[in-house]
Amino acid sequence: MAVVRVRQHVNPLAKKYQTPANALEWEKVYSQPNQPLHLDIGCAKGRFLLQMAQIETDWNFLGLEIREPLVVEANQLRCELGLTNLHYLFCNVNNSLKSLLSSLPTGTLQRVSIQFPDPWFKNRHAKRRVVQPELVAELAHYLAVGGVVFLQSDIEFVAVEMRDRFAENPAFERLGTEEWLTQNPLPVATEREIGTQNKGEPVYRAMFVKKPTAA
């Protein structure tokens with residue numbers, strides 16, 4: 001397969017990304033649409049989910065990515081491997097999450113991962129970061145009770161901001177007593193995670209669960 005070259009950073013506030021994604025027909029996307037769903041926000045090339053879908057065949061996996069060429073390539077690879085529990089979607093998650101998740105059967109969304117999102121270092125670009133309070137609120141609404149959100153980054157201030165925004169939402173309870181999780185609780189590591197650890201640099205991880213008392 002030819003190498004797909006795309007910009008590393010895409011401004012989600014640009015006009016071309018303001019049209020929300022259409023709702024999915026879940027029964028056409030997955031062969032077993034009632035399986036629990038793992039949502040990976042900012043899936044990039046999708047290799048993490050590609051491995052997860054082969055390991056956890058009793059789950060469905062949905063990767064959301066704002067760089068469309070990566071989504072096209074990932075779906076081609078998924079088709080070549082014949083995986084029917086995996087789908088990738090081009091969208092801007094910050095304006096598409098509600099339209100995507102509102103059609104899901106209640107209790108289906110059981111796991112969310114947000115891994116190594118674009119940091120957007122400058123303060124004036126903070127609104128471009130993916131984990132905004134509105135996104136946290138939408139996940140709190142659609143995530144099943146007992147469902148989990150896994151966050152990680154190699155940029156400490158990004159990890160702190162993500163962690164704090166989930167901690168501020170009363171629907172979520174943070175798991176673990178340490179400042180950061182020392183191990184990835186998922187069976188697959190992303191390419192960025194592997195590269196960071198190979199350089200001996202830290203990865204900042206946190207996990208949250210949706211509380212039963214949430215409205």
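For the numbers below, each heavy atom of this structure counts, side chains included, while hydrogens, waters and symmetry mates do not.
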Peer 1: Would you say the side chains of Gln35 and Asp58 form a donor-acceptor pair under 3.5 Å?
Peer 2: no
Peer 1: Using a cut-off of 6.0 Å, state whether more than 12 heavy atoms not belonging to Glu178 lie near its atom CD.
Peer 2: no
Peer 1: Would a 4.5 Å heavy-atom cut-off, applied to side chains only, mark Ser113 and His38 as touching?
Peer 2: yes
Peer 1: Has the side chain of Arg47 got a donor or acceptor atom that lies under 3.5 Å from a matching backbone atom of Glu191?
Peer 2: no
Peer 1: Taking the side chain as everything from C-beta on, heavy atoms only, tell me whether Leu97 gets closer than 4.5 Å to Leu64.
Peer 2: yes
Peer 1: Using a distance-only test with no angle check, is there a side-chain donor-acceptor pair under 3.5 angstrom linking Gln115 and Glu193?
Peer 2: no
Peer 1: In the hydrophobic clustering that connects Ile, Leu, Val, Met, Phe, Trp and Tyr at side-chain heavy-atom distances below 4.5 Å, which members other than Val72 occupy its cluster, ordered by chain and number?
Peer 2: none
Peer 1: Is there a side-chain contact between Leu77 and Glu80 in this structure, where contact means two heavy atoms from C-beta onward sitting under 4.5 Å apart?
Peer 2: yes
Peer 1: Evaluate the side-chain proximity of Cys91 to Leu100: yes if any heavy-atom separation is below 4.5 Å, no if none is.
Peer 2: yes
Peer 1: Group every Ile, Leu, Val, Met, Phe, Trp and Tyr by side-chain heavy-atom contacts under 4.5 Å, then state whether Leu81 and Val71 land in the same group.
Peer 2: yes
Peer 1: Does the side chain of Leu101 reach to within under 4.5 Å of the side chain of Glu138, using non-hydrogen atoms?
Peer 2: no
Peer 1: Report the hydrophobic cluster partners of Val160, with the cluster defined as I, L, V, M, F, W, Y residues connected by side-chain heavy atoms closer than 4.5 angstrom, directly or transitively.
Peer 2: Trp180, Tyr204
Peer 1: Could you tell me which residues satisfy side chain to side chain contact (heavy atoms under 4.5 Å, CB included) with Ala53, sequence neighbours excluded, listed by chain and number?
Peer 2: Phe61, Leu83, Asn85, Leu86
Peer 1: Does the side chain of Arg174 reach to within under 4.5 Å of the side chain of Arg163, using non-hydrogen atoms?
Peer 2: yes
Peer 1: Is the closest side-chain heavy-atom distance between Leu151 and Val149 below 4.5 Å?
Peer 2: yes
